[in-house]
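Below is one structure, written out as structure tokens, with a few remarks after it.
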Amino acid sequence: MKIIISLSALWLILFFSVGICYAQFQISGLNEAQYIYKSAQDSLSSYFYNETLVRLNYQNIEAGISFIAELPKYDQFQPIQDLRPSDIDYRWDERYIQLNLTDLRLRAGSFSEFFGNGILLRSYRDKTFDHDTRLTGINMQMSHNSYQFKGLYGSLPNEFSPNNNDLIAGLDLTAPINGTTQLGLSLTSQQLRRTDNRYSTRIAAGGRIEVITDFFDFNSEYGESKSYRTFGRVRRGQAFYGFANTYIGPFTISGGYKNYDRFDDRMNDLPTLNASEEPLSERFNPGYDEEGLLGQIRYNPSITSQLGVTYSEAWNSDFSIRQSDLLLEGRKFFPTFTLGLEYAQLETIDKEWELWLKEITPAIMFDFNLMNLPTHLRTEFGYKEKVQGESTSEIYNPLLQFDLFFNKFSLSLISELEFYDLNELEKNRTWLGMELSTGLFSHTDMKLFIGEEKGGKVCRSGVCYYTSPFKGLRLDLTTRF
């Protein structure tokens, strides 16, 4: 609380100081507004969200502040039955002041940060999945020809008791060894609030190496952690991640390896090392107990042809959980159109849950001009087979998507079906949706979705992201100033 009050005071002092020299400072910012009409019987139906970020620059000093209003707060997973005062939320979200010099950036307030590949630390915000591990405190970055240094000290709400804060400090150093190799070292320390209002301590340290040449590149990182005062004995964790590419004529050959053992911390972001970006299991957190390998070959015989194969295997320490992931890709550019083919297959075995799951998704993509308008057509046929104990189920999931681009508009039409028996297609579940995107003005973008989404990974108008199940209307307006 003292940090927040101090930062607010600093921001106000800066604002009034530069106000005297109005002609010398610049104001910029971003406003994101969203209106949602959710079609559900036990829902409030209408939701409004607005976030405004204002930045003020004066010579080498930058200050920022953001305000969020949720009327009421929209829960994408659970509908709201009755309006409660706690559902209406107004709050100051980001507040910071920052000094920008040639080789130094010093920031006080809220910030996001990462070390290396994110194995020891990645602090970030993902609004789609309501994930927020941004910190409030001090963040420093120093850049020089011979090194890059990062340091931070901050707090964030406890994962299980948001009214209490956890504390984290971190140091990160990257230095080149020669023209092709650089090394990195990282150290973090966390003080985590326990249920008995005492603190446990987690210390993590690691190193990384990166090599880049004309025909070969390699990136690897290793980390160790120790946790003390966790209602038991000292808990140790380890994590290793490595990835390499080599280039032989038209071929690019890649390989990767991961090994995570009790390294499931919410302040990191461990690479999944598979094409589908799926975790090994829902039984435990990513990074708790998993090992895996990935191999990839890409073939580009010419600028008009592309082929790729990616295969990965993952497992836990006692091999009770196994996962395999395969992705085949091909693209051919013809004079008047482009043809793309994909085949994705994900298979998981969990002996403890007596679970076997297999997902197959072949897809065909066409890019062409329809009456001189760029057009994208994607069709895929998903198939999922699940065996758990003595229960067996099959799900068919065809999808058809049509994207049309004209002037500053892009229109996506999406049709998705789900049924359990090919002989009973009339009993299918259908999701139909339309999304329109456009730049209303030079500084304002609009995106309107009407219909129903099944949820999961979607790619529209050249942008891929993850969504939650939704039915209704969603209007997004983004304004830059």
*Is it true that Arg262 and Asp289 have a side-chain N and a carboxylate O under 4.0 angstrom from each other?*
no
*Taking the six-membered ring for Trp, is the centroid-to-centroid distance between His376 and Phe402 below 6.0 Å?*
no
*For Lys226, does the NZ atom have more than 12 heavy-atom neighbours from other residues, nucleotides or ligands under 6.0 Å away?*
no
_Would you say that more than 12 heavy atoms from the other residues, nucleotides or ligands in this model lie under 6.0 Å from the CZ of Phe481, or not?_
yes
*Would Arg202 count as a cation-pi partner of Phe263, with NZ or CZ less than 6.0 Å from the six-membered ring centre and within 45° of the ring normal?*
yes
*With rounding to the nearest 0.5 Å, note down the distance linking CD in Gln296 to CZ in Phe243.*
5.5 Å
Under 3.5 Å, sequence neighbours excluded: what are the donor-acceptor pairs made by side chains of residues 247-257?
unit_1, atom_1, unit_2, atom_2, d
Tyr247, OH, Asp217, OD2, 2.4
Ser254, OG, Asn245, OD1, 2.4
Tyr257, OH, Asn259, ND2, 3.1
Tyr257, OH, Glu291, OE2, 2.5

*asked:* Ignoring hydrogens and geometry beyond distance, is a side-chain donor-acceptor pair present between Gln401 and Asp403 at under 3.5 Å?
replied: yes
*Under 30°, 30 to 60°, or over 60°: which ring-plane class applies to Tyr288 and Phe284, parallel, tilted or perpendicular?*
tilted
*Is the shortest side-chain N to carboxylate O distance from Glu359 to Lys386 below 4.0 Å?*
no
_What verdict does the salt bridge (charged side-chain N to carboxylate O under 4.0 Å, His left out) test give for Asp265 and Arg122, after you've listed the backbone C-alpha separation in whole Å, the side-chain angles of each residue and the deciding distance to 0.1 Å?_
CA-CA 10 Å; Asp265 183 64; Arg122 187 187 173 207; over 6 Å; no
*Can you tell me if CG on Asp318 sees more than 12 non-hydrogen neighbours from other groups inside 6.0 Å?*
yes
*Salt bridge present between Arg193 and Glu159 (N-O < 4.0 angstrom)*: no
*Thinking salt bridges, do Asp89 and Arg91 make one under a 4.0 Å N-O criterion?*
yes
*Show the numbers, then the answer: is there a side-chain contact (heavy atoms from CB on, under 4.5 Å) between Asn268 and Ile119?*
CA-CA 5 Å; Asn268 60 23; Ile119 289 179; 5.7 Å; no
*Is the closest basic N to carboxylate O distance between Lys447 and Asp476 below 4.0 Å?*
no
*Look at Lys454 together with Glu418 and state whether they make a salt bridge at an N to O cut-off of under 4.0 Å.*
yes
_Enclosure of Phe160 CZ (heavy-atom neighbours >12, cutoff 6.0 Å)_ = no
*Contact check, side chains of Lys332 and Thr338, non-hydrogen atoms, under 4.5 Å*: no
*Would you verify whether the NZ or CZ of Lys150 falls within 45 degrees of the ring axis of Phe114 while also being under 6.0 Å from that six-membered ring's centre?*
yes
*Could you tell me whether the side chain of Ser281 reaches within less than 4.5 Å of the side chain of Asp350, counting heavy atoms only?*
yes
*Does NZ or CZ of Arg322 lie under 6.0 Å from the centre of the six-membered ring of Phe319, at an angle within 45° of the ring axis?*
no
*What's the verdict on side chain to side chain donor-acceptor pair (under 3.5 Å) for Asn164 and Asn158, showing C-alpha distance, side-chain angles and the deciding distance?*
CA-CA 6 Å; Asn164 297 311; Asn158 182 272; over 6 Å; no
_salt_bridge(Glu94, Arg134) N-O dist < 4.0 Å_ = yes
*Flag yes if more than 12 heavy atoms outside Leu440 fall under 6.0 Å of its CG atom; otherwise flag no.*
yes
*Asp445 and Arg480 ion-paired at < 4.0 Å*: yes
_Salt bridge flag under 4.0 Å for residues Glu224 and Arg235_ = no
_What I'd like to find out is whether the side chain of Ile65 reaches to under 4.5 Å of the side chain of Trp92, using heavy atoms alone._
yes
*Side chains of Asn219 and Asn117: donor-acceptor distance under 3.5 Å anywhere?*
yes
*Do NZ/NE/NH1/NH2 and the carboxylate oxygens of Asp172 and Arg208 come within less than 4.0 Å?*
yes
*Could you tell me whether the side chains of Trp356 and Glu385 share a donor-acceptor contact shorter than 3.5 Å?*
no
*Under 6.0 Å between the ring centres of Tyr35 and Phe48?*
no
*asked:* Taking ring-ring contact (aromatic ring centres under 6.0 Å, His included) as the definition, give me every residue that meets it alongside Phe366, ordered by chain and number, with sequence neighbours left out.
replied: none
*Within 6.0 angstrom of Glu282 CD, more than 12 heavy atoms from elsewhere*: no
_salt bridge (charged side-chain N to carboxylate O under 4.0 Å, His left out) evaluation trace for Lys358 with Glu394_ = CA-CA 10 Å; Lys358 186 175 184 178; Glu394 294 180 321; over 6 Å; no
*If you round to the nearest 0.5 Å, how far is CD1 of Ile360 from OH of Tyr383?*
7.0 Å
*asked:* Check Asp367 with Arg331, please: is the shortest side-chain N to carboxylate O separation under 4.0 Å?
replied: yes
_Nearest 0.5 Å, please: how far is CG in Leu135 from CD in Glu113?_
9.0 Å
